[in-house]
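Below, read A as the first sequence line, B as the second, and so on, with proteins coming before strands; counting in each chain starts at 1.
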2 protein chains.
Amino acid sequence: MAKRKSLADSPCPVARALEIIGERWALLIVRDAFDGVRRFGEFQESLDIARNILTDRLRLLVEAGVLDVVPASDGSAYQEYVLTPKGEALFPVIVTLRQWGEANLFARGEKHSQLIDRASGKPVSKLILRSAVGTTPAPAGTFVKKVATQKSR
Amino acid sequence: MAKRKSLADSPCPVARALEIIGERWALLIVRDAFDGVRRFGEFQESLDIARNILTDRLRLLVEAGVLDVVPASDGSAYQEYVLTPKGEALFPVIVTLRQWGEANLFARGEKHSQLIDRASGKPVSKLILRSAVGTTPAPAGTFVKKVATQKSR
DNA sequence: CCGTATCCATTCCGATACTG
DNA sequence: CAGTATCGGAATGGATACGG
């Protein structure tokens, strides 16, 4: 008993997403990857995570298709972990999470780290995110239920 | 040993945010709250979560200031759990997570649940998110480090 | 119907030692 | 440097029984 219930088959996209990245380390690894971190040791030092756990989390993220393993860019015989397109698509998630954290989790005047968007040169905290409005035409029968109770403010 | 490292004091807003909602159930509870769920039993049924865990997670979210406890709206002597402004500010996080899940975690033709934004009448999956561009003027000395390595695509 | 309390299996995670 | 192997303690989560 006490077998953990899998969310991987949930009809809710939020639940499925959490099955992959709803875990203490996963998103921090992804955040570091966005930050340019590629090597095992860099992740380990940056996150201060035990090596065995890091090994396991990297493996899970690779299996999930969020990271990819490539031969090291320098001569060394090792590997590097880079974001796949699927992993890069997590950028808006990181940004919104960061924005929420900055706005709600820091005392006035308290310092926080910052991330600059390479393309725009602006802090990611100030990015306006564009969703894929045109993508997924959503043909009839796509949804298993429709709930019209959302507030947006 | 093996004491879990707290992220609550991390200078990274993403890490702090994950300390609160980076857990298997927290965001699903928040998602349900956005969906209009307010009662203990509703959460329990919707999430199929053990009652003791639900109790604990609700308590944590209340402590974190994401949910608030109010007297039941019907006559019953119980309580209801409603989103605080801080909790409602998580809306963009849920939306981006959902968008990512829809785009990357479902096979073509596979159905997923849907959520309609009350204000706009559109699916949240197609919302264009506006960040608080004007807020937090970010005076000098706000950041502990600046990293300019971000890719945005 | 709303929770709390207990018990226990599973999972997580840190420390450490070890290999190449 | 980049992992793997093993260990033990802590946290998570599920089942269930109980009380308001």
Quiz item: Does the side-chain contact (heavy atoms from CB on, under 4.5 Å) test come out yes or no for B:Thr96 and A:Val95, once each step is laid out?
Solution: CA-CA 9 Å; B:Thr96 52; A:Val95 171; over 6 Å; no

Quiz item: With respect to the phosphate group of D:dG3, does any side-chain polar atom (N or O) of A:Thr55 fall under 4.0 Å of OP1 or OP2?
Solution: no

Quiz item: Does C:dC2 have OP1 or OP2 sitting under 4.0 Å from an N or O in the side chain of B:Arg51?
Solution: no

Quiz item: When the distance from CD1 of B:Ile29 to P of D:dT12 is rounded to whole Å, what number comes out?
Solution: 13 Å

Quiz prompt | Test: B:Arg39 cationic atom under 6.0 Å from B:Tyr78 six-membered ring centre, within 45° of axis | solution = no

Quiz item: With a non-hydrogen cut-off below 4.0 angstrom, is B:Glu23 in contact with a base, only sugar-phosphate, or nothing?
Solution: sugar-phosphate

Exercise. Using a 4.0 Å heavy-atom cut-off across all strands, classify B:Arg59 as base, sugar-phosphate, or nothing.
Key: nothing

Practice problem: Looking at every strand, decide which applies to B:Tyr81 at a 4.0 Å heavy-atom threshold: base, sugar-phosphate, or nothing. | Solution: sugar-phosphate

Quiz item: Would you call A:Glu23 and B:Arg24 a salt bridge, taking side-chain N to carboxylate O under 4.0 Å as the test?
Solution: no

Quiz item: Any N or O donor-acceptor pair linking the side chain of B:Tyr78 to the base of C:dC2 at under 3.5 Å?
Solution: no

Exercise. Report which part of the nucleic acid B:Gln79 touches: base, sugar-phosphate, or nothing (heavy-atom distance under 4.0 Å, all strands).
Key: sugar-phosphate

Exercise. Examine D:dT12: is either OP1 or OP2 under 4.0 Å from a nitrogen or oxygen in the side chain of A:Arg24? Give yes or no.
Key: no

Quiz item: Between D:dG14, C:dC2, C:dC13, which nucleotide gets closest to the side-chain atoms of B:Arg39?
Solution: C:dC2

Quiz item: When the distance from CD1 of A:Ile49 to C1' of D:dT4 is rounded to whole Å, what number comes out?
Solution: 15 Å

Practice problem: Output the single nucleotide from C:dC13, D:dG14, C:dA15 whose closest atom is nearest the side chain of A:Asn52. | Solution: C:dA15

Self-check item: Spacing of A:Leu54 atom CG relative to D:dG3 atom C1', expressed in whole Å
Solution: 10 Å

Practice problem: Just do the side-chain contact (heavy atoms from CB on, under 4.5 Å) check on B:Ile94 and B:Val124 with the steps written out, would you? | Solution: CA-CA 9 Å; B:Ile94 303 273; B:Val124 297; over 6 Å; no

Quiz item: CD of B:Glu80 versus P of C:dC1: gap in Å, rounded?
Solution: 14 Å

Quiz item: For B:Ile53 and D:dG13, what is the distance between atoms CD1 and C1' respectively, to the nearest whole Å?
Solution: 3 Å

Self-check item: Close side-chain approach of B:Val66 to B:Leu60, heavy-atom, < 4.5 Å
Solution: no

Exercise. Can you figure out which of D:dG14, D:dT12, C:dT4 approaches the side chain of B:Arg57 most closely?
Key: D:dT12

